[in-house]
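Worksheet for the structure shown next.
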2 protein chains.
Amino acid sequence: MASRNRSVPAADRVAKPQARTAAKRVKILEAAMTVFGTRGYNNAALAEIAEQAGMTHAGVLHHFGSKEGLLVAVLKYRDGEAMAGVAGREQVEGPAFLPHLTDTVRDNIKRPGVVQTYAVLSAESVTDGHPAQEYFRGRMAGLRIKLQRVIGMTTGREVEDDDVRDAASALIAVMDGLQVQWLLDPQAVDMPRTLALVLDELIERLATNEPAPPVSARVDGVLSVGAAQDEPQAS
Amino acid sequence: MASRNRSVPAADRVAKPQARTAAKRVKILEAAMTVFGTRGYNNAALAEIAEQAGMTHAGVLHHFGSKEGLLVAVLKYRDGEAMAGVAGREQVEGPAFLPHLTDTVRDNIKRPGVVQTYAVLSAESVTDGHPAQEYFRGRMAGLRIKLQRVIGMTTGREVEDDDVRDAASALIAVMDGLQVQWLLDPQAVDMPRTLALVLDELIERLATNEPAPPVSARVDGVLSVGAAQDEPQAS
DNA sequence: CAAAACTTACTGACTCGTTTGTAAGTATGT
DNA sequence: ACATACTTACAAACGAGTCAGTAAGTTTTG
């Protein structure tokens with residue numbers, strides 16, 4: 001299925017970009033983000049992206065070489081934008097990163113398009129041979145490591161501790177999972193509040209190092225107030 | 001153009017479906033699950049599904065009318081299968097539903113295909129006009145309500161309590177979010193352990209009703225041991 | 001019970017729309 | 001003059017759905 005290796009036309013070797021070109025490219029990227037978000041990568045048509053950017057699909061290809069190239073550019077663009085982001089918020093490094101998560105989620109409510117793009121693409125990326133797969137694998141790994149470090153710092157735990165690792169995965173999972181629920185029904189979930197609940201509780205637990213009893217015990221009535229256990233667990 | 005004298009596949013007419021038909025349909029559904037999972041709905045071709053089921057794409061259409069019809073059938077089939085499921089596990093109703101969650105996640109590790117189908121389709125469903133949108137909206141809502149009830153029962157809280165609601169959303173979010181991370185890198189996350197961590201901690205918090213201090217306070221040094229605060233938060 | 005009268009379960013060929021990418025030509029700025 | 005930034009036109013594929021036809025099963029009828 002893979003055609004022969006031909007040289008990519010004019011992907012990135014920009015010798016002399018003209019004055020208004022940069023702005024035009026941003027406009028294409030912005031349009032692409034919207035369309036990839038509303039339709040998914042596979043179902044998105046270059047023609048629609050081009051139209052929103054005020055040109056033909058061939059014009060888009062002139063700048064980004066291929067649809068896949070455009071996607072990669074969108075992903076990179078989003079990263080850069082998220083840093084120099086919405087409220088002049090720069091790269092937060094220390095334990096302040098944790099409340100920053102909740103802030104970001106709060107801001108995201110005002111940018112459903114961005115949320116949708118991220119949610120759709122990240123899940124779509126697990127499909128066979130998806131062009132964004134490597135990107136999201138790396139992104140997840142990076143986020144996990146960063147969170148592990150920050151959680152370690154904040155709670156005085158080892159960075160390599162299993163609980164710290166799990167907490168990092170869990171926080172990312174909560175944010176991503178909430179987005180899908182929220183996109184399907186914005187009334188149904190309160191993203192920042194829910195994230196804060198998990199975040200506060202997880203950090204408290206790691207800081208005090210007092211694991212909660214497993215729910216299985218609770219269900220068996222071992223800890224419950226009225227200690228009437230009704231049914232034995234099959235396990 | 002809907003109700004003609006055409007031979008509608010799932011007919012309520014007088015004649016019987018043939019003997020091996022049911023099995024054949026299941027084979028198609030099984031193939032469709034795989035292909036929808038590995039390619040996503042939009043990128044999946046009926047021809048590939050048909051091939052895996054041992055027929056042509058027109059044959060598939062004969063049984064399910066359209067690609068969209070097939071997707072809906074797959075989703076329904078999956079629900080039915082999940083109940084009569086893997087280990088003869090039937091509809092768990094009471095507080096036992098909570099440990100059941102962890103069990104399900106543990107089983108899912110052995111069924112990456114199913115996980116991928118669910119993860120890809122649920123996120124894809126938020127795109128404009130996706131045929132599975134209503135299905136997943138309903139599914140999420142139903143799961144949330146069920147979890148609210150079970151959490152209420154287990155912790156002695158009101159079902160309508162915000163914390164209970166948030167905890168329900170959070171648990172679903174953790175499960176779904178972990179799946180994407182796990183599919184991208186199975187080594188990187190321990191799904192059941194991570195879910196258990198969040199689950200235990202959330203239930204404990206709701207049961208004792210002692211909210212953890214917000215991380216923001218912790219970061220500001222109010223609670224931290226070494227009370228060195230580095231940067232004031234913008235907010 | 002068996003032939004006629006259907007129905008079901010397909011296949012193969014085709015239509016028609018959509019889509020990515022290419023090629024060649026035109027305008028514009030430096 | 002010469003890249004750059006496009007456009008129009010086209011190529012080649014692909015994919016969903018239609019249609020007519022065929023083989024086999026099922027029901028009805030005499």
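Reckoned from all heavy atoms, side chains included, excluding hydrogens, waters and symmetry mates. Chain naming here is simple, since letters A, B, ... match the order of the sequence lines and numbering starts at 1 in each. Quick caveat, the model's predicted, so the values are computed rather than measured.
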> A/Arg193 and B/Asp166: salt bridge (charged side-chain N to carboxylate O under 4.0 Å, His left out), yes or no, with the steps?
Replying inline: CA-CA 7 Å; A/Arg193 206 180 58 195; B/Asp166 290 351; 2.7 Å; yes
> CG of B/Asn42 versus C1' of C/dT18: gap in Å, rounded?
Replying inline: 13 Å
>> Distance check needed: C/dT20 C1' versus A/Glu68 CD, whole Å only.
In response: 12 Å
> Atom CE of A/Met55 to atom C1' of C/dT26: distance rounded to whole Å?
Replying inline: 15 Å
>> Rounding to an integer number of Å, can you tell me how far B/Glu48 CD sits from D/dC14 P?
In response: 13 Å
> Any donor-acceptor pair under 3.5 Å between the side chain of B/His57 and the base of D/dG17?
Replying inline: yes
>> Under 4.0 Å, counting only non-hydrogen atoms across every strand here, what does A/Ala44 touch: a base, just sugar-phosphate, or nothing?
In response: sugar-phosphate
> So, does B/Thr117 use its side chain to make a donor-acceptor pair with the main chain of B/Met33 at under 3.5 Å?
Replying inline: yes
> Which of these nucleotides, C/dA9, C/dT19, D/dA16, is closest to any side-chain atom of B/His63?
Replying inline: C/dA9
> Rounded to the Å, how far apart are A/Leu46 CG and C/dG21 C1'?
Replying inline: 9 Å
> How close or far is atom C1' of D/dT7 from atom NZ of A/Lys24, stated in whole angstroms?
Replying inline: 12 Å
> Using a cut-off of 4.0 Å on non-hydrogen atoms, how would the nucleic acid contact of B/Ala58 be classed: base, sugar-phosphate, or nothing?
Replying inline: base
>> If you compare every side-chain N and O of A/His62 against the phosphate oxygens of D/dT4 (OP1, OP2), does one of them come in below 4.0 Å?
In response: no
> Between A/Thr56 and D/dT7, does any side-chain N or O lie under 4.0 Å from OP1 or OP2?
Replying inline: yes
>> Whole angstroms only, please: what is the CG-C1' distance between A/Leu61 and C/dG21?
In response: 6 Å
> Has the side chain of A/Gln148 got a donor or acceptor atom that lies under 3.5 Å from a matching backbone atom of A/Val159?
Replying inline: yes
> What integer distance in Å separates A/Glu51:CD from D/dT8:P?
Replying inline: 13 Å
>> Tell me whether A/Gln133 contacts the main-chain N or O of A/Asp128 through its side chain, where contact means a donor paired with an acceptor under 3.5 Å.
In response: no
> If only atom types and distance count, is the side chain of A/Glu124 paired as donor or acceptor with the main-chain N or O of A/Tyr41 below 3.5 Å?
Replying inline: yes
> Which listed nucleotide (C/dT11, D/dA16, C/dT8) is nearest to the side chain of B/Thr21?
Replying inline: C/dT8
